[in-house]
**Student:** 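Got a structure for you, questions after.
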Amino acid sequence: MFNPTNKPLIVQSDSTVLLDVHDPGAEEARRSLSQFAELEKSPEHIHTYRITNLSLWNAAAAGFSPEELLGSLQDFSRFPLPDSLGISMKETMNRFGALQLFPTSEDKVLYLGTRQKAIYAELEAHPRLKKLLIPYDPQSARGIQTEPAVPPLGFLVQLLHRGTIKQQLINLGYPVEDMAPLREGSPLDITLQDRTPNGQPFEIRDYQTQSVQAFLGEKRPGTGFGTIVLPCGAGKTIVGLAAMAELGQETLILTTNSSAVHQWIRELREKTTLEEDQIGEYTGSKKQIRPVTVATYQILVWRPDKESDFPHFDLLRSRNWGLVIYDEVHLLPAPMFRVTAELQALRRLGLTATLVREDGLEREVFSLVGPKRFDIPWKDLEGRGWIAQAFCVEYRCDLPEARKIPYATADRRQKYRIASENPIKYDIAEYLIAKHRGESILVIGQYLDQLRTISKELGAPLLTGETPQTERDVLYSKFREGSIKVLVVSKVANFAIDLPDASVAIQISGSFGSRQEEAQRLGRILRPKKQHSFFYTIISRNTSEEEFSLNRQKFLTEQGYRYSIEIWDGDPRTDPAPHTRSSGEKTEA
DNA sequence: TATGGGGAAA
DNA sequence: AATAATTCCCCATA
């Protein structure tokens with residue numbers, strides 16, 4: 001390492017922070033930075049983070065003070081911090097909680113209070129908001145709480161508008177601190193088992209307990225709703241189960257697809273004292289509504305046509321739920337926001353590996369589900385052996401001469417396809433498979449044609465969306481027991497949580513740079529069985545694939561995965577003088 | 001009860 | 001900004 005300064009950060013006045021990944025203090029700085037900044041770019045040497053309003057509000061909701069954050073920036077910063085940054089960070093963070101919601105003596109009315117005249121005036125003048133806000137007259141009979149005293153300036157708000165108002169205010173730049181009480185649901189007797197059915201002792205991990213405590217907050221005002229952020233494989237389901245057990249109320253669990261529904265039901269049966277008839281499945285094929293019900297988002301947002309209502313929204317009101325769990329809350333479909341806005345009196349627990357949404361609706365999640373209550377650095381979990389240490393390597397290879405002309409003359413979308421289907425990728429895949437002989441390997445791709453070809457070349461079975469469930473089960477079990485070592489899979493790998501463990505994944509093509517997809521694939525595939533896992537991405541050099549690969553990697557680096565870039569100059573096993581250039585950290589074990 | 005097709009979504 | 005593939009829902013058939 002050159003220039004060891006232990007000052008890995010360069011903090012700039014435009015709210016970006018550059019991280020020198022080669023600095024010995026880089027890991028520690030990253031850990032601190034990720035609590036209040038978002039990763040934007042992550043090429044080999046310098047990573048760019050951005051301090052956003054939302055990242056600061058999450059930090060504020062978690063109890064960080066601006067002074068603390070500035071202090072840690074200062075500690076790692078190579079140059080003095082820009083004054084303007086400190087001022088704007090303080091200003092932004094102080095806006096969280098500048099407006100607070102409280103109960104009143106009336107059942108259906110809340111009090112939105114502030115200590116700041118300017119904010120009061122701004123809301124009073126706001127064309128859309130003022131319709132929802134009733135100026136509070138201290139002479140009126142309507143009682144606001146005096147113990148502890150609420151801020152003197154404020155409005156009355158219909159309970160009905162609780163969500164809408166929070167949504168609109170966050171867009172104005174005022175994330176509301178919601179101190180109004182939540183509704184208690186019907187009681188439910190549920191305890192975690194201390195052994196799994198096959199006699200294994202089952203213990204909840206400390207960070208899972210901490211997550212639950214941070215979420216429930218001993219039922220203090222302003223707690224009982226929010227999001228827990230844990231890496232894939234860290235046991236988010238257990239957090240959900242533990243929250244249910246701690247709370248002891250009827251619960252509705254919402255997930256992304258039907259295999260996730262089945263997974264939750266399996267876990268509920270295995271790890272809690274609930275009886276089978278207390279657990280319901282509400283999906284396309286079954287419509288059970290029971291004290292604990294697991295449903296897909298899709299069934300809730302389904303409607304016969306664009307004009308109709310959502311016929312399954314009734315599920316949300318059909319029982320007196322004490323808790324709604326939003327699994328993979330970063331994938332919450334947009335129409336669910338509307339209904340979530342109406343459910344502000346329910347306890348809401350979001351579970352996710354990332355707060356980033358591809359559609360940029362992070363603020364909706366913040367205002368309607370709730371702020372981040374807990375996360376744990378990926379590094380900590382890795383260090384304690386809860387999740388595998390994963391290495392990401394990107395291989396870059398040239399297009400074959402014969403395809404360079406077709407590439408140059410193709411239109412934009414064909415370019416990407418030609419780059420993706422570069423046949424040299426097959427050589428690299430073969431090389432990597434040989435290198436990891438004996439391990440369970442997944443080859444993942446985007447195009448069925450390409451996958452069929454490589455499946456034939458490698459003599460490895462192919463699994464796609466068309467593969468019927470019975471055939472999948474056969475492939476899964478063979479892969480699990482090891483009689484199949486290499487499995488070629490399409491996008492099914494993104495969703496199939498029943499896919500068995502693998503320790504090596506080779507991605508030969510991917511979709512348009514979705515960060516989530518990348519993380520999902522990696523997280524789902526690389527379970528903590530082994531100490532080390534490898535995730536290879538193969539892309540064509542000097543093609544449009546390079547742009548997308550950058551975006552994809554953002555997320556991985558943010559999560560703390562390290563990756564390196566290898567240039568492919570032919571198979572190093574047969575090439576007498578391989579000059580493979582490598583950058584980033586070495587990954588060879 | 002299973003299977004296949006159409007439409008929508010992210 | 002965009003592709004292709006997948007999955008989910010419901011409904012119609014047998």
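A note on names: the letters A, B, ... follow the listed sequences, proteins ahead of strands, and every chain is numbered from 1. Keep in mind that what you see is a predicted model, and the values were worked out from it rather than measured.
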**Student:** Determine the contact category for A/Pro335: base if any of its heavy atoms lies under 4.0 Å from a base atom, sugar-phosphate if only primed atoms, P, OP1 or OP2 are that close, otherwise nothing.
**Tutor:**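 The residue A/Pro335 makes sugar-phosphate contact but no base contact.
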
**Student:** Is there a donor and acceptor pair closer than 3.5 Å between the side chain of A/Glu466 and the base of C/dT6?
**Tutor:**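 No.
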
**Student:** As an exercise, state the distance from CZ of A/Arg319 to CD1 of A/Ile289, rounded to the nearest 0.5 Å.
**Tutor:** 8.0 Å

**Student:** When the distance from CZ of A/Arg452 to C1' of C/dA5 is rounded to whole Å, what number comes out?
**Tutor:**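 Rounded to whole Å, this separation is 11 Å.
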
**Student:** Can A/Lys166 be said to sit on top of A/Phe225's aromatic six-ring, NZ or CZ under 6.0 Å from centre and within 45° of the ring axis?
**Tutor:**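 Pair A/Lys166/A/Phe225 counts as cation-pi.
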
**Student:** For a quick check of understanding: with a heavy-atom distance under 4.0 Å over all strands, which category does A/Arg412 fall into, base, sugar-phosphate or nothing?
**Tutor:** base

**Student:** Rounded off to whole Å, could you give me the CZ-to-C1' distance for the A/Arg417 and C/dT3 pair?
**Tutor:** 8 Å

**Student:** Please determine whether the number of non-hydrogen atoms from other residues, nucleotides or ligands lying under 6.0 Å from atom NZ of A/Lys287 exceeds 12.
**Tutor:**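 Correct, the count exceeds 12.
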
**Student:** At less than 4.0 Å, is any side-chain N or O atom of A/Ser258 found next to OP1 or OP2 of C/dC8? Yes or no.
**Tutor:**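 The answer is yes; a side-chain N or O of A/Ser258 sits under 4.0 Å from OP1 or OP2.
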
**Student:** Any chance you could measure A/Asn422, atom CG, to A/Ile508, atom CD1, to the nearest 0.5 Å?
**Tutor:** 10.5 Å

**Student:** Using atom CG of A/Leu448 as one end and atom P of C/dA5 as the other, report the distance to the nearest whole Å.
**Tutor:**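 For the pair A/Leu448 CG and C/dA5 P, the rounded distance is 4 Å.
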
**Student:** Is any side-chain N or O of A/His312 closer than 4.0 Å to OP1 or OP2 of C/dC10?
**Tutor:**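 It does, given that an N or O in the side chain of A/His312 lies less than 4.0 Å from OP1 or OP2 of C/dC10.
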
**Student:** If you measure from OH on A/Tyr395 to CG on A/Leu432, what distance do you get to the nearest 0.5 Å?
**Tutor:** 5.0 Å

**Student:** Calculate the interatomic distance between A/Trp302 atom CH2 and B/dA10 atom P; express it in whole Å.
**Tutor:** 15 Å

**Student:** Would you mind telling me which of C/dC8, C/dT6, C/dC10 lies closest to the side-chain atoms of A/Lys287?
**Tutor:** C/dC10

**Student:** Of the candidate nucleotides C/dC10, C/dT7, C/dT6, which contains the atom at the shortest distance from the side chain of A/Asn257?
**Tutor:**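 Of C/dC10, C/dT7, C/dT6, C/dT7 is nearest to the side chain of A/Asn257.
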
**Student:** Rounded to whole Å, please give me the gap between CG in A/Asp359 and P in B/dA9.
**Tutor:** 14 Å

**Student:** Rounded to the nearest angstrom, tell me the gap between atom CZ in A/Arg413 and atom P in C/dA5.
**Tutor:**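 Atom CZ in A/Arg413 sits about 12 Å away from atom P in C/dA5.
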
**Student:** Examine C/dT6: is either OP1 or OP2 under 4.0 Å from a nitrogen or oxygen in the side chain of A/Ser490? Give yes or no.
**Tutor:** yes

**Student:** Would you kindly give the CD1-to-P distance between A/Ile444 and C/dA5, to the nearest whole Å?
**Tutor:**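 These atoms are roughly 16 Å apart.
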
**Student:** Across the strands shown, which category fits A/Lys306 at heavy-atom distances under 4.0 angstrom: base, sugar-phosphate, nothing?
**Tutor:**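 Sugar-phosphate, no base atom in range.
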
**Student:** Does A/Thr296 put a side-chain nitrogen or oxygen below 4.0 Å from OP1 or OP2 of C/dC9?
**Tutor:**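 Yes, within the criterion.
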
**Student:** Report the distance from atom CD of A/Gln414 to atom C1' of C/dA2, rounded to the nearest whole Å.
**Tutor:**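 Distance check: A/Gln414 CD to C/dA2 C1' gives 13 Å.
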
**Student:** A/Arg472 near the nucleic acid: base, sugar-phosphate alone, or nothing, with a heavy-atom cut-off under 4.0 Å?
**Tutor:**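 Contact class for A/Arg472: sugar-phosphate only.
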
